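Heads up: the structure comes next, in structure tokens.
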Number of protein chains: 2
Amino acid sequence: MTAPTDPAPSAVKSRLLDLMVALGTAHWQDYAATAAQHGLTSVQARLLAQVTAPVPMRGLAEQLGCDASNVTGIVDRLQARGLVVRESDERDRRVKNVVATDEGLATIQRIRAEMQATHTALDALTEDERVTLYALLERLRPGLENRD
Amino acid sequence: MTAPTDPAPSAVKSRLLDLMVALGTAHWQDYAATAAQHGLTSVQARLLAQVTAPVPMRGLAEQLGCDASNVTGIVDRLQARGLVVRESDERDRRVKNVVATDEGLATIQRIRAEMQATHTALDALTEDERVTLYALLERLRPGLENRD
DNA sequence: TATTGTTATACTCTATAACTATA
DNA sequence: TATAGTTATAGAGTATAACAATA
């Protein structure tokens with residue numbers, strides 16, 4: 001679509017793929033380690049980051065890419081620690097909306113600020129380079145996020 | 001270090017961080033989903049990708065960033081499926097080296113080739129853009145991979 | 001009937017601690 | 001004594017299947 005079909009796949013593309021896997025793993029470990037400093041698993045942190053506004057359990061399952069039955073336990077544990085609350089939906093009484101408490105919101109922000117490895121990595125670039133990187137990554141987004 | 005300390009953190013850096021979290025998650029899900037098509041968990045796939053040459057159990061634990069006791073089970077399951085084998089080290093009989101079988105090697109290559117979302121995303125860039133992206137990501141690597 | 005959330009079950013990953021066999 | 005690998009254990013994430021309440 002973007003170029004005449006290449007019989008031999010681009011060497012750059014191949015190496016870029018490896019680099020993305022490596023950096024993706026490192027970045028993910030930074031995320032998990034930072035969340036762990038707050039006693040959270042990476043999935044708990046991800047869910048918490050998605051409930052700055054109320055979200056139904058079902059919606060959380062989609063956003064997390066897991067089965068709805070798992071969300072029950074994850075929310076249970078976050079709720080037991082006072083980081084989120086369940087609210088019954090008034091228009092559809094089957095639905096329960098999850099929303100972060102003030103402490104939950106504060107925790108999300110701290111985790112974001114304390115991802116040391118990621119911050120250090122980004123500090124290695126100039127502001128202009130960050131702008132360039134941002135633009136390139138934004139172009140990757142549609143292909144990467146369209147999941148079946 | 002790279003610039004006079006910024007009292008207000010760069011807005012670009014902040015948005016870049018969010019974008020990296022989003023893309024990192026999407027990319028990771030692509031990896032996990034592709035591995036799942038071969039009946040492997042993401043950790044099993046990662047381990048498999050690291051044993052193209054023999055690696056001691058202990059070394060695998062470090063590379064995976066988990067406790068050594070976990071590696072036993074992961075290798076057990078891969079070995080039961082004929083994807084890796086354990087080899088006793090001749091110089092130090094305490095050590096067991098893990099190495100992929102031919103089927104294991106083929107599986108790694110297939111997973112790499114079948115990461116559809118990632119390939120689609122990279123196809124959205126021109127070759128020149130890929131070169132630029134590669135150079136920028138390579139600069140992120142040192143900060144991101146230096147973990148304590 | 002279909003959907004939302006939950007429960008029950010089984011498997012995998014995870015860390016901690018204790019064990020064995022080597023060094 | 002120190003190290004490599006294993007085992008035992010407990011907690012968490014995961015999918016599947018079945019269920020109650022509601023639409």
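Naming convention: chains lettered A, B, ... in sequence-line order (proteins, then strands); numbering from 1 in each chain. Please read these numbers as outputs of a predicted model, since none were measured by experiment.
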For [X] and [N], what is the distance between atoms [atom1] and [atom2] respectively, to the nearest whole Å?
X       : N      : atom1 : atom2 : answer
A:Arg46 : D:dG13 : CZ    : P     : 12 Å
B:Asn70 : D:dA10 : CG    : C1'   : 13 Å
A:Trp28 : C:dT14 : CH2   : P     : 12 Å
A:Asn97 : D:dT22 : CG    : C1'   : 15 Å
A:Asp67 : C:dG5  : CG    : P     : 12 Å
A:Arg77 : C:dT6  : CZ    : C1'   : 14 Å
B:Leu40 : C:dC13 : CG    : C1'   : 14 Å
B:Gln44 : C:dT12 : CD    : P     : 8 Å

Contact class for [X] (heavy atom, under 4.0 Å): base, sugar-phosphate, or nothing?
X       : result
B:Arg58 : base
B:Arg86 : sugar-phosphate
B:Asp92 : sugar-phosphate

Between [options], spot the one nearest the side chain of [X], thanks.
X       : options               : value
A:Lys96 : D:dT6, D:dG13, C:dG5  : C:dG5
B:Cys66 : C:dT22, C:dA15, C:dG5 : C:dA15
B:Thr72 : C:dC13, C:dG5, D:dT7  : D:dT7

Close side-chain approach of A:Lys13 and B:Asp123, heavy atoms under 4.5 Å: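 When only atoms from C-beta onward are counted, B:Asp123 and A:Lys13 do touch, with a gap below 4.5 Å.
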
Side-chain heavy atoms of A:Gln37 within contact of A:Arg110, under 4.5 Å: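 A side-chain contact is absent here, since even the closest heavy-atom pair is not under 4.5 Å.
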
Earlier contact from the 5' end, DNA chain D, for B:Ser69 and A:Thr41: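 Comparing both residues, the 5'-ward one is B:Ser69.
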
Contact nearer the 5' end of DNA chain C, comparing A:Arg94 with A:Met57: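 Taking each residue's closest nucleotide, the earlier one in sequence belongs to A:Arg94.
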
Side-chain donor/acceptor of B:Thr120 to backbone N/O of A:Gly143, under 3.5 Å: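 Flag not set: sc B:Thr120 to bb A:Gly143 has no pair under 3.5 Å.
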
Least distance between heavy atoms, A:Glu103 atom then A:Arg81 atom: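 Reported closest heavy-atom pair: OE1-O, 4.3 Å.
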
Donor + acceptor pair across side chains of B:Ser69, B:Asp67 (<3.5 Å):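 Their side chains do contain a donor-acceptor pair, which is all the 3.5 Å distance test asks for.
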
